[in-house]
**Student:** 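Input: one structure, supplied below.
Everything numeric in this text was worked out from a predicted model, so none of it was measured. The chain is numbered in sequence order, starting from 1.
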Amino acid sequence: MIRTVESAPHVSAPVLAAYSYCEAVTGQQARNFAYGIRLLPTGKRRAMSALYAFSRRVDDIGDGDLPGETKLARLEDTRALLARIREDEVHEDDTDPVAVALTHAARAFPVPLGGLDELIDGVQMDVRGESYETWDDLKVYCRCVAGAIGRLSLGVFGTEPGARGAERAAEYADTLGLALQLTNILRDVREDAAGGRTYLPADDLAKFGCSAGFHGPTPPDGSDFAGLVHFEVRRARALFAEGYRLLPMLDRRSGACVAAMAGIYRRLLDRIERDPEAVLRGRVSLPGHEKAYVAVRGLSGLDTRHVTRHVSRRSVRRRA
């Protein structure tokens, strides 16, 4: 079982300022993520903002315009900073607010900081221009850049005492991260192609006649682009179904946070499924009122109750 260690009630002014900076970064740059974490109590919300701000820094290095060698060097500098955080060597008066906030969060919660090393590994794959032949190959990348974030988040959320199957909570958090990342990959397929990146497995692209890539608002000539998208959507839905088994293991507000973030991406997946070529014409997104609805639904516990009933029915069938 993963237990949450609650934050101390008193937080010093320098640490509060560091958390405020991280929350501002999160609010400005991660609107989907922010909808979920605003449902958390203060200590957990701050810790999640610190995790996001550090992760955003790593991603920004990978997505920037610097030469590849410079990016790799900066990623290693960031890994060295992470080692200082892990060793509790960052003090409150440090000039890096993200490091200050993340150090405090790692003291307050059992966050597996090695997950951020995995994120750095994944961004290094991007910088080196790696491509993926099979889904098993792509899963390695997705586990680094998204599954690891799920496991880090679980360190903040914790699991409820006595939750059934809690020994598999990290596995489900990892799987939910894969579902989110595959949805991201589908949504950003044209944007990534413009940046010289291809994430979808080469085997899948060949199967549906899409090996030529995606460089315009229409699919490659002679391809079954809709077939490719629907194939990947089914894969993502299976990942969501497995990952959602995490929800009944969390307390109400942590479950609401996860349900809100995952729910937004599931609705994105629905839109992509209905109109596959939309991802070639522009960025598919949800309006704010729909995100708010998903957040309220998560807070109501509807998704958690649905998953609990589904798991209970499966258990009954196995015993029958």
Side-chain angles (χ1 to χ4, degrees), residues 18 21-22 25-26 28-30 33 48-90 94-103 105-106 111-153 155 174 177-178 180-203 205 213-215 283:
Y21 173 85
C22 293
V25 170
T26 303
Q28 292 166 7
Q29 301 189 38
F33 188 80
M48 291 294 290
S49 294
L51 283 171
Y52 176 81
F54 189 94
S55 301
R56 179 76 262 167
R57 178 179 296 181
V58 175
D59 286 341
D60 284 346
I61 293 171
D63 292 337
D65 297 326
L66 295 170
E69 289 185 4
T70 304
K71 289 182 180 182
L72 292 173
R74 292 201 175 183
L75 288 169
E76 287 305 321
D77 289 342
T78 307
R79 197 188 299 274
L81 173 62
L82 179 59
R84 288 182 56 222
I85 294 169
R86 185 182 291 110
E87 296 301 320
D88 201 19
E89 294 176 355
V90 176
D94 195 282
T95 57
D96 186 337
V98 176
V100 171
L102 186 55
T103 298
V111 179
L113 290 176
L116 291 171
D117 276 305
E118 293 180 57
L119 173 62
I120 293 170
D121 292 340
V123 174
Q124 286 177 331
M125 294 180 199
D126 281 336
V127 173
R128 294 181 179 122
E130 292 193 23
S131 56
Y132 308 96
E133 289 297 316
T134 68
W135 167 237
D136 284 341
D137 296 332
L138 180 58
K139 274 197 294 190
V140 173
Y141 169 78
C142 290
R143 285 211 160 94
C144 285
V145 299
I149 302 302
R151 286 177 266 118
L152 285 159
S153 300
D174 184 278
L178 265 63
L180 299 179
Q181 186 62 25
L182 183 53
T183 304
N184 266 337
I185 287 170
L186 286 172
R187 181 193 64 186
D188 297 339
V189 65
R190 183 179 173 187
E191 181 181 328
D192 289 333
R197 295 177 182 172
T198 300
Y199 291 104
L200 291 175
D203 282 0
L205 295 175
F214 313 105
H215 305 290
R283 190 178 183 87

**Student:** Using the test ring-ring contact (aromatic ring centres under 6.0 Å, His included), find all partners of Tyr21 that sit at least two apart in sequence or belong to another chain.
**Tutor:** none

**Student:** In terms of heavy-atom contacts, does CZ of Arg190 have more than 12 from other residues, nucleotides or ligands at under 6.0 Å?
**Tutor:** yes

**Student:** For the CZ atom of Arg84 and the OG1 atom of Thr103, what is their distance to the nearest 0.5 Å?
**Tutor:** 8.0 Å

**Student:** Could you tell me which residues satisfy side chain to side chain contact (heavy atoms under 4.5 Å, CB included) with Ala146, sequence neighbours excluded, listed by chain and number?
**Tutor:** Gln181

**Student:** Who passes salt bridge (charged side-chain N to carboxylate O under 4.0 Å, His left out) against Asp192, sequence neighbours left out?
**Tutor:** none

**Student:** Hey, can you pull the donor-acceptor pairs under 3.5 Å for the side chains in residues 65-73, sequence neighbours left out?
**Tutor:**
from  : atom 1 : to    : atom 2 : distance (Å)
Lys71 : NZ     : Gly62 : O      : 2.9
Lys71 : NZ     : Gly64 : O      : 2.7

**Student:** Side chain to side chain contact (heavy atoms under 4.5 Å, CB included) for Phe54 and Leu81? Distances and angles first, verdict last.
**Tutor:** CA-CA 10 Å; Phe54 189 94; Leu81 173 62; 4.2 Å; yes

**Student:** Rounded to the nearest 0.5 Å, how far apart are OG of Ser131 and CG of Leu138?
**Tutor:** 10.5 Å

**Student:** Nearest 0.5 Å please: distance from the CE atom of Met48 over to the CG atom of Leu152.
**Tutor:** 8.5 Å

**Student:** Please enumerate all residues that pass side chain to side chain donor-acceptor pair (under 3.5 Å) together with Glu118, with sequence neighbours excluded.
**Tutor:** Arg151

**Student:** Report the C-alpha separation of Phe214 and Thr198 in whole Å, then their side-chain angles, then the decisive distance to 0.1 Å, and conclude whether the side chain to side chain contact (heavy atoms under 4.5 Å, CB included) test is met.
**Tutor:** CA-CA 9 Å; Phe214 313 105; Thr198 300; 5.8 Å; no

**Student:** Using the test side chain to side chain contact (heavy atoms under 4.5 Å, CB included), find all partners of Ala101 that sit at least two apart in sequence or belong to another chain.
**Tutor:** Ala18, Tyr19, Cys22, Ala50

**Student:** In terms of the angle between their ring planes, are Tyr141 and Tyr132 parallel, tilted or perpendicular, with boundaries placed at 30° and 60°?
**Tutor:** tilted

**Student:** Side chain to side chain contact (heavy atoms under 4.5 Å, CB included) for Asp121 and Arg79? Distances and angles first, verdict last.
**Tutor:** CA-CA 10 Å; Asp121 292 340; Arg79 197 188 299 274; 2.9 Å; yes

**Student:** Do you know which two heavy atoms are closest between Ala99 and Ile85, and how far apart they sit?
**Tutor:** CA-CD1, 4.0 Å

**Student:** So which pairs with a foot in residues 52-61 pass salt bridge (charged side-chain N to carboxylate O under 4.0 Å, His left out), sequence neighbours left out?
**Tutor:** Arg56-Asp60, Arg56-Asp63, Arg57-Asp96

**Student:** Measure the spacing between CG of Leu82 and CG of Leu113 and express it to the nearest 0.5 Å.
**Tutor:** 6.0 Å

**Student:** Can you pull the salt bridge (charged side-chain N to carboxylate O under 4.0 Å, His left out) pairs that have at least one residue in residues 126-145, sequence neighbours excluded?
**Tutor:** Asp136-Lys139, Arg143-Asp174

**Student:** Sequence neighbours left out, what passes side chain to side chain contact (heavy atoms under 4.5 Å, CB included) with Ser55? Give chain and number order.
**Tutor:** Leu116, Leu119, Ile149

**Student:** What closest approach, in Å, do Gly122 and Val145 show between heavy atoms, and which atom pair accounts for it?
**Tutor:** CA-CG1, 3.8 Å

**Student:** Take Ile120 and Ile61 through the test side chain to side chain contact (heavy atoms under 4.5 Å, CB included) and record every step on the way to the result.
**Tutor:** CA-CA 10 Å; Ile120 293 170; Ile61 293 171; over 6 Å; no

**Student:** Using ring-ring contact (aromatic ring centres under 6.0 Å, His included) as the criterion, list what pairs up with Tyr52, not counting sequence neighbours.
**Tutor:** Phe33

